[in-house]
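Have a look at the structure below, then the notes.
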Amino acid sequence: MNSSTDQLKLAILQQIAAVPAGYVSSYGGIAKAVGYPSYSRFVGSLLKTLPKDTKVPWHRIVNAQGKISFPMDSPAFNEQKKRLENEGVVILKGKISKQYFFNF
DNA sequence: CAGGGGGCTAAGG
DNA sequence: GCCTTAGCCCCCT
(Lines give C-alpha, C1' and ligand atoms only; values in the text may rest on other atoms or scores of the structure.)
Protein backbone atom coordinates (compact mmCIF):
# COMPACT_ATOMS: atom_id res chain seq x y z
CA MET A 1 0.00 0.00 0.00
CA ASN A 2 0.98 3.56 -0.63
CA SER A 3 3.69 2.54 -3.06
CA SER A 4 4.03 4.66 -6.16
CA THR A 5 2.11 2.17 -8.25
CA ASP A 6 -0.72 2.10 -5.73
CA GLN A 7 -0.96 5.85 -6.01
CA LEU A 8 -0.94 5.55 -9.75
CA LYS A 9 -3.81 3.10 -9.63
CA LEU A 10 -5.80 5.62 -7.66
CA ALA A 11 -5.02 8.35 -10.14
CA ILE A 12 -6.07 6.11 -13.01
CA LEU A 13 -9.35 5.16 -11.38
CA GLN A 14 -10.07 8.81 -10.73
CA GLN A 15 -9.33 9.69 -14.30
CA ILE A 16 -11.70 7.02 -15.53
CA ALA A 17 -14.38 8.27 -13.17
CA ALA A 18 -13.94 11.66 -14.81
CA VAL A 19 -15.27 10.41 -18.14
CA PRO A 20 -18.87 11.64 -18.46
CA ALA A 21 -21.75 9.39 -19.45
CA GLY A 22 -22.24 9.29 -23.19
CA TYR A 23 -18.50 9.45 -23.81
CA VAL A 24 -15.71 6.89 -23.92
CA SER A 25 -11.93 6.91 -23.63
CA SER A 26 -9.12 4.53 -24.46
CA TYR A 27 -6.70 2.72 -22.16
CA GLY A 28 -3.80 4.68 -23.59
CA GLY A 29 -5.80 7.89 -23.36
CA ILE A 30 -6.35 7.40 -19.64
CA ALA A 31 -2.71 6.50 -19.16
CA LYS A 32 -1.64 9.63 -20.98
CA ALA A 33 -4.04 11.76 -18.97
CA VAL A 34 -2.38 10.77 -15.72
CA GLY A 35 1.08 11.39 -17.13
CA TYR A 36 2.15 7.85 -18.05
CA PRO A 37 1.59 7.38 -21.80
CA SER A 38 3.10 3.89 -21.86
CA TYR A 39 0.87 2.42 -19.17
CA SER A 40 -2.00 1.39 -21.40
CA ARG A 41 -1.66 -2.30 -20.61
CA PHE A 42 -1.45 -1.55 -16.95
CA VAL A 43 -4.75 0.32 -17.16
CA GLY A 44 -6.35 -2.71 -18.75
CA SER A 45 -5.12 -5.17 -16.17
CA LEU A 46 -6.16 -2.81 -13.42
CA LEU A 47 -9.73 -2.67 -14.64
CA LYS A 48 -9.82 -6.42 -14.81
CA THR A 49 -9.31 -6.64 -11.06
CA LEU A 50 -12.21 -4.36 -10.16
CA PRO A 51 -15.12 -5.86 -8.22
CA LYS A 52 -18.30 -6.04 -10.24
CA ASP A 53 -20.04 -3.67 -7.87
CA THR A 54 -17.43 -0.98 -8.40
CA LYS A 55 -18.51 2.61 -8.94
CA VAL A 56 -15.86 3.04 -11.61
CA PRO A 57 -17.39 3.32 -15.10
CA TRP A 58 -15.11 0.68 -16.63
CA HIS A 59 -17.49 0.29 -19.54
CA ARG A 60 -16.56 3.72 -20.86
CA ILE A 61 -13.08 2.47 -21.65
CA VAL A 62 -12.45 0.91 -25.05
CA ASN A 63 -9.31 0.36 -27.09
CA ALA A 64 -7.72 2.92 -29.39
CA GLN A 65 -9.55 1.52 -32.40
CA GLY A 66 -12.86 2.39 -30.80
CA LYS A 67 -13.73 -1.25 -30.22
CA ILE A 68 -14.62 -3.17 -27.10
CA SER A 69 -11.64 -5.19 -25.92
CA PHE A 70 -13.52 -8.40 -25.29
CA PRO A 71 -14.33 -11.33 -27.54
CA MET A 72 -17.68 -10.80 -29.25
CA ASP A 73 -19.20 -13.86 -27.67
CA SER A 74 -18.24 -13.04 -24.08
CA PRO A 75 -20.77 -11.88 -21.47
CA ALA A 76 -18.50 -8.96 -20.62
CA PHE A 77 -18.71 -7.74 -24.21
CA ASN A 78 -22.49 -7.72 -24.19
CA GLU A 79 -22.61 -6.07 -20.81
CA GLN A 80 -20.31 -3.25 -21.86
CA LYS A 81 -22.08 -2.70 -25.16
CA LYS A 82 -25.44 -2.56 -23.46
CA ARG A 83 -24.30 -0.03 -20.90
CA LEU A 84 -22.77 2.24 -23.51
CA GLU A 85 -25.81 2.20 -25.74
CA ASN A 86 -27.85 2.92 -22.65
CA GLU A 87 -25.86 6.10 -22.21
CA GLY A 88 -26.39 7.13 -25.79
CA VAL A 89 -23.20 5.86 -27.39
CA VAL A 90 -23.83 4.50 -30.88
CA ILE A 91 -21.85 1.47 -31.95
CA LEU A 92 -21.73 0.75 -35.68
CA LYS A 93 -20.30 -2.54 -36.90
CA GLY A 94 -18.85 -3.03 -33.44
CA LYS A 95 -16.99 0.24 -33.65
CA ILE A 96 -17.39 3.53 -31.79
CA SER A 97 -16.89 6.76 -33.72
CA LYS A 98 -14.08 9.08 -32.64
CA GLN A 99 -16.63 11.75 -31.88
CA TYR A 100 -17.55 9.91 -28.69
CA PHE A 101 -14.04 9.96 -27.32
CA PHE A 102 -13.79 12.36 -24.44
CA ASN A 103 -11.01 14.91 -24.54
CA PHE A 104 -9.48 15.66 -21.15
C1' DC B 1 16.11 -13.77 -11.22
C1' DA B 2 13.63 -15.61 -15.62
C1' DG B 3 9.17 -16.49 -18.01
C1' DG B 4 4.63 -15.70 -19.46
C1' DG B 5 0.66 -13.00 -20.00
C1' DG B 6 -2.80 -9.15 -19.88
C1' DG B 7 -9.68 -5.36 -21.52
C1' DC B 8 -2.81 -1.97 -25.14
C1' DT B 9 -0.69 0.61 -29.27
C1' DA B 10 1.42 2.09 -33.45
C1' DA B 11 3.41 0.67 -37.58
C1' DG B 12 3.93 -2.66 -41.62
C1' DG B 13 2.67 -6.13 -44.94
C1' DG C 1 -9.73 -5.10 -42.91
C1' DC C 2 -6.86 -8.80 -40.90
C1' DC C 3 -2.46 -10.59 -38.99
C1' DT C 4 2.33 -9.93 -37.24
C1' DT C 5 6.11 -7.48 -34.83
C1' DA C 6 7.94 -4.85 -31.61
C1' DG C 7 7.63 -1.85 -27.72
C1' DC C 8 5.48 -1.15 -23.38
C1' DC C 9 5.02 -2.08 -17.78
C1' DC C 10 3.12 -4.43 -13.82
C1' DC C 11 2.07 -8.84 -11.61
C1' DC C 12 2.10 -13.72 -10.57
C1' DT C 13 4.58 -18.18 -11.03
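The chains referred to below are lettered A, B, ... by the order of the sequence lines, with proteins before strands, and numbering in each begins at 1.
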Short heteroatom pairs, N/O only, protein and nucleotides 9-13 of chain C, under 3.5 Å:
unit_1, atom_1, unit_2, atom_2, d
C/dC9, OP1, A/Ser38, OG, 3.2
C/dC10, OP1, A/Tyr39, OH, 2.7
C/dC11, OP1, A/Lys9, NZ, 3.2

Measure the distance from [atom1] on [X] to [atom2] on [N] and round it to the nearest whole Å.
X	N	atom1	atom2	value
A/Ile61	B/dG6	CD1	C1'	16 Å
A/Lys32	B/dA10	NZ	P	7 Å
A/Asn63	B/dG6	CG	C1'	14 Å
A/Met72	B/dG7	CE	P	18 Å
A/Tyr27	B/dG5	OH	C1'	16 Å

Is the phosphate of B/dG7 approached by A/Lys48 (side-chain N or O, under 4.0 Å from OP1 or OP2)?
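So the side-chain polar atoms of A/Lys48 do come within 4.0 Å of the phosphate oxygens OP1 or OP2 of B/dG7, strictly under.
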Hydrophobic clusters here meaning ILVMFWY residues chained together by side-chain heavy-atom distances under 4.5 Å, can you tell me if A/Leu10 and A/Phe104 are in one?
no
Can you give me the closest heavy-atom contact between [X] and [Y], atom names plus distance?
X	Y	answer
A/Tyr27	A/Val43	O-CG2, 3.8 Å
A/Gly94	A/Lys67	O-CG, 3.5 Å
A/Gln80	A/Ile61	NE2-O, 3.0 Å

Charged N to carboxylate O under 4.0 angstrom, A/Arg83 versus A/Glu79?
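Counted as a salt bridge, because a side-chain N and a carboxylate O are separated by less than 4.0 Å.
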Neighbour count >12 (heavy atoms, 6.0 Å) for atom OH, A/Tyr36
no
I'd like the P distance from B/dG7 over to C/dG7, given in whole Å.
23 Å
Between A/Phe102 and A/Tyr23, is the ring centre distance below 6.0 Å?
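Yes; A/Tyr23 has its ring centre under 6.0 Å from that of A/Phe102.
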Residue pair A/Ser26 / A/Asn63, side-chain donor-acceptor N/O under 3.5 Å:
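Their side chains do not contain a donor-acceptor pair, so the 3.5 Å distance test is not met.
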How does DNA chain B read in dot-bracket, base by base from 5' to 3', with Watson-Crick or G-U pairs under 3.5 Å and | used when the partner is on another strand?
.|||||.||||||
